[in-house]
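Structure first, commentary second.
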Amino acid sequence: MNYVALHRHAQVSLSRSAVAHNLEVIKDHAHAQQVMAVLKANAFSHGLPEMAMLSSQSGANRFGVAMLDEALTLRDLGYQQPIDVLGLTDPQFVRLAAQRDITLAFSSLATIQQAAKVLADTSLHLKVSLPVDTGLNRIGFKERDQLVLAIQEVVDSKQLEFQSLWTHFATADTPNETYVDFQISEWQRLTQNLPSQPKEQHFANTGIATWYADKVDTDIIRLGVGLFGIDSSEPTMPMPFELEPVLELTAEVIFSKPIKAGEAVGYGADYRVSRDGWLLTIPIGHSDGYPFNADGMRVLIADGQVGHIAGGVAMDQTMIFVDKPVNVGVQVTLIGKVGVQSVSLSDLAQYSDASIVALMNNFAPRLQRIIVP
Ligand SMILES: *Cc1c(COP(=O)(O)O)cnc(C)c1O
């Protein structure tokens, strides 16, 4: 069962101004007209309802998701903007998509024919997007004749509308410009002189919009990781602008006691306190998506002290060693800023030897989401 823990003091805060800033700088930099906020996987685990609201209020005029269920959730929340499902959907579900005006992607002639059959004898219309595989080799048409047949099938069907052609780049957040150029030439080879033109085309994810915007049409950008203020290239590419991290992770001290040098802390009793000090317990753990192997990591106490995780990260509780007493109720920042100090997701990824993208996608649904200015 899914639940949100409203009765404990641990939370994710999402910054409205950071979302607005990230969206604006990337949109400006790429000279984009439209921003499709890509909110797959519970908005990169930040929270779908919250990120849908913040991104649409900041000027995202449409959404992209990975699967139909995410698109339906957005419709249930009341959003009427265009929604693209960027993964593949089983054609047996196309009625649902057509009824809710959700654009689906198809990667083969056979599935387009199945979709047309499911919709035949209805008054429903389905918007169809055709991904073109220019080198990621995930989904999409990579043979020109197949693409032409697919387009003809869509155009000939009364129920299908040829909404878009698009592609996705494999090296957009890396210095591998050669492969970006290769994919662009593949696009040109596969899409020249098609029998019919779609209403729109889109190419750019965060990486293309940030580092290769001069190479492709960036009228519509599909903005994922950058919306959240995360540099997924780190540390291989210089950022042409500053992003602001959207998320902070905080908890309040629920228990506090003095501790003596030599005492053991946590499971296994392996960790020994090296000097007299204070031990704080916070109600957050690796079940919340904080990394399991972050023993010894730096955290920021609201009184200005820097504490360190002691005795490992347990499922729901974690202990922090500090030198000076801290009362119950004081806030501890695990990811975020306190005064001039900060702990970024990137710091935590490096410390725990995790990928930043894996970490940013790992925040548990049970964490309460709070929107801050
Ligand atoms: C995830 C995804 C995006 C967003 O990519 P980012 O690199 O996170 O900006 C865009 N397009 C497609 C097809 C995707 O799967």
Side-chain angles (χ1 to χ4, degrees), residues 19 22-27 29-30 32 34-46 48 51-52 55 58 60-71 74 82-89 102-107 128-142 163-176 179-180 183 187 200-213 216-234 236-237 239-241 243 245-247 345-346 355-362:
V19 172
N22 298 335
L23 203 140
E24 191 178 298
V25 290
I26 298 174
K27 188 180 177 191
H29 179 79
Q34 297 189 51
V35 176
M36 179 194 297
V38 177
L39 302 180
K40 58 201 181 190
N42 195 27
F44 289 63
S45 90
H46 285 51
L48 180 63
M51 287 305 299
S55 57
S58 299
N61 65 319
R62 51 195 294 174
F63 298 117
V65 290
M67 56 195 76
L68 181 57
D69 302 274
E70 296 166 341
L74 285 168
I83 303 178
D84 270 88
V85 176
L86 298 167
L88 299 179
T89 307
I102 292 163
T103 305
L104 296 186
F106 292 88
S107 196
V128 168
S129 85
L130 301 180
V132 178
D133 186 356
T134 55
L136 183 63
N137 268 309
R138 192 164 69 182
I139 60 168
F141 290 88
K142 56 188 287 193
Q163 183 64 29
S164 61
L165 274 178
W166 56 278
T167 196
H168 195 39
F169 286 83
T171 60
D173 58 1
T174 81
N176 192 345
Y179 205 75
V180 173
Q183 289 197 250
W187 172 269
E200 58 190 26
Q201 303 186 346
H202 41 84
F203 306 89
N205 67 341
T206 301
I208 292 290
T210 304
W211 293 290
Y212 299 108
V216 297
D217 166 9
T218 50
D219 214 31
I220 301 170
I221 56 178
R222 304 190 304 264
L223 188 58
V225 55
L227 182 65
F228 303 89
I230 301 301
D231 172 5
S232 61
S233 87
E234 220 168 0
T236 60
M237 300 281 275
M239 278 305 275
F241 41 73
L243 293 175
V246 167
L247 177 145
L345 205 64
S346 156
S355 108
I356 193 165
V357 177
L359 273 192
M360 76 175 290
N361 273 313
N362 217 16

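Just so you know, these numbers come straight off a predicted model, no measurement behind them. The figures that follow rest on heavy atoms only: side chains count, while hydrogens, waters and symmetry mates do not. Remember, it's 1-based here, ligands and their atoms both numbered in the order they're listed.
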Should Val35 and Ile26 count as side-chain neighbours, where that means a heavy-atom distance under 4.5 Å?
no

Which of the numbered atoms in ligand 1 are under 4.0 angstrom from any heavy atom belonging to Arg138?
15 (O)

Specify whether Phe228 and His46 have parallel, tilted or perpendicular ring planes, treating 30° as the upper limit for parallel and 60° as the lower limit for perpendicular.
tilted

Closest heavy-atom approach to atom 7 (O) of ligand 1 among Asn205, Thr167, Ile139, Asp173 is made by Asn205

Heavy atom of the protein closest to atom 1 (C) of ligand 1 (residue, atom name, distance):
Lys40 NZ, 1.3 Å

Just how far is it from atom CG of Asp84 to atom CE of Met36, taken to the nearest 0.5 Å?
4.0 Å

Just say parallel, tilted or perpendicular for the rings of Phe203 and Trp187, cut-offs at 30° and 60°.
perpendicular

Check this for me - ligand 1, Gly207, N or O atoms closer than 3.5 angstrom, yes or no?
no

When you measure from atom 8 (O) of ligand 1 to every protein heavy atom, which one gives the shortest distance, and what is it?
Val225 N, 2.8 Å

So, do Arg222 and Phe63 sit near enough that their side-chain heavy atoms are less than 4.5 Å apart?
no

Does some side-chain heavy atom of Val180 sit less than 4.5 Å from a side-chain heavy atom of Val216?
no

Under a 4.0 Å heavy-atom limit, does His168 contact ligand 1 with its side chain, its backbone, both, or neither?
side chain

Are Met237 and Asp173 packed together at the side-chain level, in the sense that at least one heavy-atom pair is separated by less than 4.5 angstrom?
no

Min side-chain heavy-atom separation Trp211-Pro240 under 4.5 Å
yes

Location of contacts on Phe169 toward ligand 1, heavy atoms closer than 4.0 Å
neither

Could you find the nearest protein heavy atom to atom 13 (C) of ligand 1 and give me its residue, atom name and distance?
Trp166 CZ3, 3.4 Å

Please write down residue, atom name and distance for the protein heavy atom closest to atom 11 (N) of ligand 1.
Arg222 NE, 2.8 Å

Among all protein heavy atoms, pick out the one at the shortest distance from atom 9 (O) of ligand 1; state its residue, atom name and that distance to 0.1 Å.
Thr206 OG1, 2.5 Å

Can you name the atoms of ligand 1, numbered from 1 with element, that are less than 4.0 Å from a heavy atom of Gly224?
4 (C), 6 (P), 8 (O), 9 (O)

